[in-house]
Every structure is written in structure tokens, then in C-alpha cells.
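Remarks on the structure that follows.
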There are 2 protein chains.
Amino acid sequence: MTEAPRPLRRTEIRRENEKLILSAAEKVFAEAGFGGATMQLIADVAGLPKANLHYYFATKEDLYRRVVRDIFEIWLKAAETFDNAPGPVEGIGAYIDAKMEISRRHPDGSKVWASEVMHGAPVIQDYLETTLRDWTEGRIAVIQRWIDEGKMAPVDPRHLLYMLWATTQHYADFGHQIETLNAGKPLSDRQWKAAKDSVKTIILTGIGAL
Amino acid sequence: MTEAPRPLRRTEIRRENEKLILSAAEKVFAEAGFGGATMQLIADVAGLPKANLHYYFATKEDLYRRVVRDIFEIWLKAAETFDNAPGPVEGIGAYIDAKMEISRRHPDGSKVWASEVMHGAPVIQDYLETTLRDWTEGRIAVIQRWIDEGKMAPVDPRHLLYMLWATTQHYADFGHQIETLNAGKPLSDRQWKAAKDSVKTIILTGIGAL
DNA sequence: TTCTTTCCTGACCATATGGTCAGACACGGA
DNA sequence: TCCGTGTCTGACCATATGGTCAGGAAAGAA
């Protein structure tokens, strides 16, 4: 039923095609990097002529920028799990769950983000300096409060955050390596659960919250 | 004295230039990715004419392949710290130190490796399936032995390894982000030490080895 | 000195790529 | 039905890039 070429309304057309292009772009950028990706390939994946991409997105960089920003939005939403938690077990535990789920559901976006930062964040440097910095400082304050309240050991909040980011993101960015070491097969539901539990157990135990 | 154009012996010339080119290539590949890197830019960084690069390395891919393999060698050497350790505190502690030091000293190599794996390891897939897989299985056995001997908690050795890789590598791959969150300045000696200590403390505590 | 081998490089080429544009087409309001 | 506006696209262009090559320079053996 979705394949039937039912006529789309004007407003739908734009939304639908942008979505199509952004989805294809995320995939191609993740697989080839910004430099290695070509508009032609993105067009092919999206099933549209190349000129059509340029109708919706003026340049390759515009398209890339949009992809990166969309991913950042997803991450910020996951970050909310940190708030309103009574203590580290709930807050950090939920955050790990949320970020692991993102690694599982949006591995391509994760890779695009990693690639962007690795190359010096040419496109989203302003985001790092504003939104991300603010968010980080806020979370550091929360963790520090938990420490002061005796709910966890006095670890350096900053490095704890880095460890959370690194570990959860690893399952997306290095998914191929993990898969190779898993006999070439993607992690099963059971294995994903084991991964989440392992991460949560080690970290929450490591910070003396359990 | 090093600048004096003293005549080089035949054998030296080759070695010297290959080193120069590989060093420039590592930097450029790290900054731009395989697709974004250009032979011209690598040549400029190396201070050699582009045609000269092709004299030593037939193709861009050959050059890239060599860079990736060289990095892998460094990593394997660091991995040795794991062996001959009486228990997790010494073995894993030393491994964390070694890998953090690599992240600090060879951030470019680290990024090239990450980039390669993220893009599906088109060049070093065979290494993943042979050398890396063997190494991993061996280390898992070691960890399992420590668990059986009661030297640490019964965590999943595989996910523990992933956590070690992820966390230590993060300081190289996401160095730019960390620097941005550190008021735009690289980590100082003191901060690197704090990072190492934090990682070691949280993980070793997390696996019940301390 | 002579000759062989290695090293070096400016000029060149085929191709791929990002981007443009004129004009066709279709939706939807009047 | 007509027209304005948004959508679509094949053909095209300027440029950048990986790679080639012929010929010259330098090293080292004889």
C-alpha cells in the first residue's frame, strides 16, 4: 500500500522528499565520510535524480550540516533522562540505556557525529561551544551534588561523562569490529541486553553507586 | 645541523622519504578521512612533489593501507602489557596506561584506525578476522581465569574489553571535543594523569579488583 | 671516467564530482 | 478552464583529483 503512487499534497511532497534525502545522506555519509560521499550516490540511494537533491539542499555541505544537526537533536533528547533522577543509579542507568539504544537504532547518525568531531568539528563547532558545553557543565553539577550527598564515590564527573559517552557510542561507531568479533553476526537482543547490563554494572559499581 | 643538505646514502633516502610521506599521510588521513584526503595535500605536508609520492607508493590506497597497518603494529605492542600480569590490577591497569599513552602520542593514527573501522574496515578486514580476533580470544581467556581465581567480579570479559578500548580511544578520537570542553586548551600533564587515574579507578573498582 | 641503477619531477591526461540551468510538468486556487 | 507557483530533471560546465610518463639528475659500481 505504501508503494502505490498515490498523489501527495504539496506540503507532503517537500517533507517526504527531504526525509528521503536526509535518510540516504545519513547512510552514505556514515559509510564513506563527508569527503568520500558523493551527491550522486546519495541520490541513487534515495532513488532520486541528483539535480533533485540540489533543489532541496543547495550544496553538499548544507545537506551534511542538516544531517549532523538532526543527530545532535536526538542526542539531546536522550540526555534528558539524566534529569529529575533522584540519584546516580537511576540517572546514569537510564542515560546508559538511552545512549545504548541510540547506538543500536541510529548507528549511522552516531558515525556521522563521530566523524565530524574527529575531523575537528568544522561544521558544528558552535554547537560544541554552546549547547554541548552548557549541557556538560549542568550534568557535572548534578553529579557533583550526588557526590556531596554521599550517593556515589568522589570521582571526577568530567571523566565519568567521557566514559559514558565513549562506551555507549563505541557500540555504534565500532559496530563493525564488534560484529566481526561476534562471528560476523550482529548482536542479538540477548547480547544487546548483556552489553547494557555489563556497562551499567561496571560503571555504577565503579563509582560506588550500587 | 639536521637542516644541512648532507648527502644521503641510497638506502637512507628511501627510508627517510617513506617516513616523511607516511607521517604526512597519517596526519592528512586523520584530518580529512580517506575520501577527503588528497595526494596533493599529503605531498604539500611532506614537502615533496606529488609525483614523488607515486614513486614510493603506487596508489593512494597503497599509502593508506600502509598507514593503517603501521598503526595496528603500535597497538599490538601496547597489548603486550596485558600479558604476564599476575592479576587484573596490574594487567588491566598497565593496559589502560599504555592505551591512554597511545591516545596522547598518536592521536592521528588512532583516528585513522577509528575511521577505517567505522567505514566497515575495507582495508584491514583480514586483520580483524585473524590477528585481532585471536588476540581478543586470548585476552578473554586471561580475564576469565582471573574471574575463576576470584581476583575480580564475574563480568563479561568481552564487554569489559570493549569498554577498555572505547574509553581509552575516546581521548584520541574525540580529543577535539574534549579540548573544546576544556576551554579550548589541550589537556595538561596533570589533566592527563587525572584522566588515567579516573579511568583506572572506575573500571578496576567496577570489576571488583580493588 | 663510464655505465647502470635509483631517484626525482614538470607536464600531462582521463575521469569524477559538485553544482547550474532552462525548460517541462503538476498541483491547486480563482 | 486558466494561471501562478512549486516541483522535477536531463544536459551541461568548470574544476579537482588520482595517476602516468618521458626525460633528467644523482649515486655508486666497475
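Order of the sequence lines sets the chain letters (A, B, ...), proteins ahead of strands, with each chain counted from 1.
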Problem set entry | Qualifying residues under ring-ring contact (aromatic ring centres under 6.0 Å, His included), relative to A:Tyr95, sequence neighbours excluded | A:Phe82, A:Trp135
Problem set entry | Listed partners of A:Ser188 passing side-chain contact (heavy atoms from CB on, under 4.5 Å), at least two apart | A:Arg190, A:Gln191
Problem set entry | Sub-4.0 Å heavy-atom contacts from residues 35-44 of chain A onto DNA chain C, ordered by number | A:Ala37, A:Thr38, A:Met39
Exercise. A:Lys196: what forms a side chain to side chain donor-acceptor pair (under 3.5 Å) with it, not counting sequence neighbours?
Worked result: A:Glu101
Problem set entry | Point-to-point distance, once rounded to the nearest 0.5 Å, from CZ of B:Phe57 to CG of B:Asp62 | 8.5 Å
Problem set entry | Under the side chain to side chain donor-acceptor pair (under 3.5 Å) test, residues paired with B:Gln144 that sit two or more places apart | B:Asp148
Seminar exercise, completed: A:Asn17 CG to D:dT9 C1', in whole Å, measures 13 Å
For this session: With sequence neighbours excluded, tell me which residues meet side-chain contact (heavy atoms from CB on, under 4.5 Å) with A:Ser23.
Result: none
Exercise. A:Glu12 has an atom CD; how far is it from atom P of C:dA26, in whole Å?
Worked result: 18 Å
For this session: Output yes when at least one side-chain N/O atom of A:Arg14 is less than 4.0 Å from OP1 or OP2 of D:dT7, else no.
Result: yes
Donor-acceptor pairs under 3.5 angstrom involving side-chain atoms of residues 35-46 of chain A: please list them, not counting sequence neighbours.
residue : atom : partner : partner atom : Å
A:Thr38 : OG1  : A:Leu41 : N            : 3.0
A:Gln40 : NE2  : A:Asp44 : OD1          : 3.2

Exercise. Who pairs with B:His106 by side chain to side chain donor-acceptor pair (under 3.5 Å), at least two apart in sequence or on another chain?
Worked result: none
For this session: Rounded off to whole Å, could you give me the CZ-to-C1' distance for the B:Phe34 and D:dT17 pair?
Result: 12 Å
Problem set entry | Any residue of residues 45-62 of chain A with a heavy atom less than 4.0 Å from an atom of DNA chain D | A:Pro49, A:Ala51, A:Asn52, A:Tyr55, A:Tyr56
Problem set entry | All ring-ring contact (aromatic ring centres under 6.0 Å, His included) counterparts of B:Tyr64, not counting sequence neighbours | B:Phe29, B:Phe34
For this session: Strictly below 4.0 Å, heavy-atom distances to any atom of DNA chain D: list the hits from residues 18-26 of chain B, or just say none.
Result: none
Exercise. With sequence neighbours excluded, what pairs up with B:His159 under the ring-ring contact (aromatic ring centres under 6.0 Å, His included) test?
Worked result: A:Tyr171, B:Tyr162
